[in-house]
Amino acid sequence: MLAAALAALAFGAPAALAGTAPVSPAGIPGTSAPAKAKAPAPTSQSATWAAGTRAYVVITAAGDSSAVRSAVTANGGTVFSYYDQIGVIVAHSTSSTFAATMRGVSGVQKVGATRTSDVPADAYNPALPANPSQSTTPAGEPLRADMTQIKADQAWAVTTGSASVKVGILDTGVDDQHQDLAPNFNAADSASCAYGKADTRVGAWRDVDTHGTHVAGSVAAAKNGKGVIGVAPGVKISSVRVAEPGTSLFFAENTICAFVWSGDHGFKVTNNSYYTDPWQFNCPDNIDQAAIIEGVKRAQEYAESKGSLQVAAAGNEDYDLANKTTDSASPNDSTPTTRTITNACLDIPTELPGVVTVAANGTGTTKASFSNFGQAVIDVAAPGSNVYSTAPGGGYSTKSGTSMATPHVVGVAALIASANPTFTPAQIRTALATQANDTACPSDSRCKGTTANNGFFGEGQVDALKAVGGTTTPPTGKYFENLTDVAIADNATVNSAITVSGVTGNAPATLKVGVDIKHTYIGDLKVDLVAPDGSVYVLSNRTGGSADNIIQTFTVNASSEVANGVWTLRVNDNASQDTGKIDAWNLTF
């Protein structure tokens with residue numbers, strides 16, 4: 001949930017990008033802004049766009065809104081879409097007095113402008129996003145550090161997720177043709193909610209950026225021997241494009257449409273890596289923003305009432321959400337100004353009741369430098385730095401941000417729903433909190449709370465294995481480990497030894513070597529297992545590029561080796577600048 005101005009820095013995107021945009025490895029927010037979905041709604045709008053057209057949410061009682069809709073028309077507006085199930089009407093008007101007039105209409109509870117800029121002409125005849133040609137990825141699907149960090153690879157032994165669990169990617173869209181996403185893509189429940197009305201044409205859901213496709217891969221890229229694997233590679237994903245083309249902004253009417261769509265189409269979990277534009281924080285003492293809060297809140301509550309849990313990114317400004325003082329990023333669709341705010345002002349949807357708020361971990365269980373925080377605001381944390389995932393056109397890319405942490409939590413929630421098909425959103429939310437591994441505050445005075453629950457990590461880092469009822473006890477067989485840290489300096493070779501005794505005969509053909517190496521840029525490292533007789537077994541040879549950490553269990557055919565004796569994990573650093581440590585390693589015979 002990154003402010004638009006920051007979102008523009010990494011890739012030169014328009015300054016209007018909002019949402020939880022990715023950040024570069026250096027911690028500079030990137031361009032892609034998250035997007036949301038759409039909801040079906042009848043329309044009665046003018047066929048002709050006019051300069052000066054602005055969008056409004058008109059809030060009334062749920063049920064038949066025909067009288068209020070008639071008042072919209074009678075007072076210089078047109079009804080673009082409406083959602084009687086929650087009492088929200090999306091109206092357009094060129095009249096500067098439209099909102100004030102409608103606030104005096106019987107049955108109208110709130111009216112708010114959702115933009116400080118004109119509605120684009122594209123809203124009346126939306127262009128379909130591009131359908132990019134697809135590149136081919138060679139076979140090979142190496143396990144990534146983010147997946148091992150949350151034990152997703154171990155959880156897959158319990159479940160890879162159920163195809164009956166539907167996850168909504170509410171974002172900039174998704175490239176459904178991507179070879180790693182197509183096997184799990186659900187086109188029947190996909191659409192665009194850009195401009196606040198469902199567009200169900202084939203391809204309307206496709207990506208107008210790169211952000212949504214990246215998010216989708218982290219949730220549910222197929223386990224198909226190519227590219228990457230998502231946290232829940234067996235579930236189905238649908239795209240609800242919330243972002244508008246050109247700006248990649250996620251206005252309130254788009255978000256409302258997306259949540260209603262999610263509830264009506266049976267999404268068990270939705271991924272929301274953005275904030276609702278143009279206000280980074282919506283304040284209830286502002287007459288327009290109060291209507292925005294109410295409309296989005298009603299839509300979220302509707303989705304939850306239909307069985308859908310919303311998971312949202314905390315944002316990338318390194319901002320204390322529990323101690324709000326100023327907002328300098330809003331409005332991001334015109335000219336931002338600096339204003340004084342309080343905690344009553346909400347980053348939506350992430351601060352709405354019932355929404356799971358996700359912070360980003362950096363290396364291991366550290367706080368990512370960019371991640372927003374806040375005691376009693378953050379619910380859980382997940383890896384969000386240098387995440388490698390799918391990109392439009394069949395490619396792959398690395399992004400950082402709370403946008404990238406959120407799909408890891410969504411994937412874990414989808415695994416929980418797969419293992420517990422009767423769970424309600426509240427039960428999934430509770431399970432996410434229960435399974436998270438407590439993460440203590442670092443030596444940073446901004447982190448408030450306890451090890452069990454604090455402002456940097458909430459309930460802790462998610463654990464996919466625990467979430468699906470798995471066990472972290474060592475596998476059967478003789479088990480040996482070394483928990484002593486060994487520093488890995490630049491351009492150096494270090495060793496960590498384990499003495500094995502009491503094992504009869506030779507090592508097995510399936511010797512398990514568990515490795516926990518904390519190191520930035522693991523492409524620097526060559527990692528070997530050295531047998532007691534000096535034989536060398538290569539575990540990792542400078543693979544993984546700029547990713548952090550090697551946390552993985554390797555299988556080695558060591559059947560020619562006598563089991564008893566001193567076994568050594570040898571790590572060779574082959575470049576400058578990045579250092580780390582052998583945190584722990586183990587052998588299972």
Side-chain angles (χ1 to χ4, degrees), residues 16 18 38-39 41-84 86-126 193-199 244-247 249-257 260 276-279 282-296 298-299 330-337 339:
K38 51 166 190 275
T43 67
S44 173
Q45 86 272 11
S46 165
T48 305
W49 174 85
T53 298
R54 295 294 173 90
Y56 302 85
V57 287
V58 180
I59 310 296
T60 184
D64 182 6
S65 66
S66 57
V68 175
R69 282 184 276 128
S70 294
V72 167
T73 304
N75 288 287
T78 58
V79 175
F80 187 76
S81 61
Y82 63 95
Y83 306 92
D84 278 358
I86 59 171
V88 174
I89 299 165
V90 178
H92 289 177
S93 181
T94 58
S95 170
S96 61
T97 61
F98 174 77
T101 302
M102 284 301 301
R103 289 177 187 126
V105 170
S106 175
V108 172
Q109 299 171 2
K110 288 182 172 66
V111 179
T114 64
R115 307 166 185 248
T116 63
S117 58
D118 288 0
V119 175
D122 186 64
Y124 292 91
N125 186 22
C193 254
Y195 310 115
K197 180 172 59 176
D199 180 353
E244 297 180 6
T247 63
L249 292 178
F250 304 76
F251 292 102
E253 60 267 36
N254 310 7
T255 307
I256 290 166
C257 169
V260 175
T276 301
D277 298 298
W279 307 100
N282 284 272
C283 300
D285 60 353
N286 178 287
I287 198 166
D288 291 310
Q289 294 162 37
I292 290 172
I293 294 170
E294 181 65 20
V296 177
R298 288 190 186 189
S330 308
N332 60 13
D333 65 336
S334 55
T335 303
T337 59
R339 57 178 178 153

- [ ] Considering non-hydrogen atoms only, spot the tightest contact between I292 and W279 and give its length.
- [x] CD1-CD1, 4.1 Å
Open item on the list: Quick one: does any side-chain atom of D118 pair with a main-chain N or O of A51 as donor and acceptor, under 3.5 Å?
Closed with: no
Open item on the list: Contact between N254 and E244 at the side-chain level, heavy atoms closer than 4.5 Å - yes or no?
Closed with: yes
Open item on the list: So, taking the atom named CG in D288 and the one named OH in Y56, what distance separates them when rounded to the nearest 0.5 Å?
Closed with: 8.0 Å
- [ ] For N282 and T276, work out which heavy atoms get closest and say how close.
- [x] ND2-O, 4.1 Å
Task: Check: T114 side chain, F251 main-chain N or O, donor-acceptor pair, under 3.5 Å - done: no
Task: Check: N125 main-chain N/O paired with W49 side-chain donor or acceptor under 3.5 Å - done: no
TODO: Check the angle between the aromatic planes of F80 and H92 and answer parallel, tilted or perpendicular using the 30° and 60° thresholds.
DONE: parallel
Open item on the list: If you compare all heavy atoms of K110 against all heavy atoms of A290, which two are closest, and at what distance to 0.1 Å?
Closed with: CD-O, 3.8 Å
Open item on the list: Show the nearest heavy-atom pair for residues G112 and R103, with the distance to one decimal.
Closed with: CA-NH2, 4.2 Å
TODO: Could you grab the distance from atom SG of C257 to atom OH of Y83, nearest 0.5 Å is fine?
DONE: 3.5 Å
Task: Within 45° cone of Y82 ring axis and under 6.0 Å: R69 NZ or CZ - done: yes
Task: Heavy-atom pair of closest approach, residues S93 and G76 - done: OG-O, 2.7 Å
Open item on the list: Between D333 and S117 (side chain of the first, backbone of the second, donor and acceptor by atom type, cut-off under 3.5 Å), is there such a pair?
Closed with: yes
TODO: Could you give me the CA-CA distance, side-chain angles and deciding distance for V111 and V105, then say whether side chain to side chain contact (heavy atoms under 4.5 Å, CB included) is met?
DONE: CA-CA 10 Å; V111 179; V105 170; over 6 Å; no
Open item on the list: Can you confirm whether I59 sits close enough to V88 that some side-chain heavy atom of one is under 4.5 Å from a side-chain heavy atom of the other?
Closed with: yes
Task: Which atom of A50 lies closest to which atom of T94, heavy atoms considered - done: CB-CG2, 4.1 Å
Task: Rounded distance (nearest 0.5 Å) linking atom CZ of R115 with atom OG of S334 - done: 12.0 Å
- [ ] Output the distance between atom CG (D84) and atom OG1 (T60), rounded to the nearest 0.5 Å.
- [x] 9.0 Å
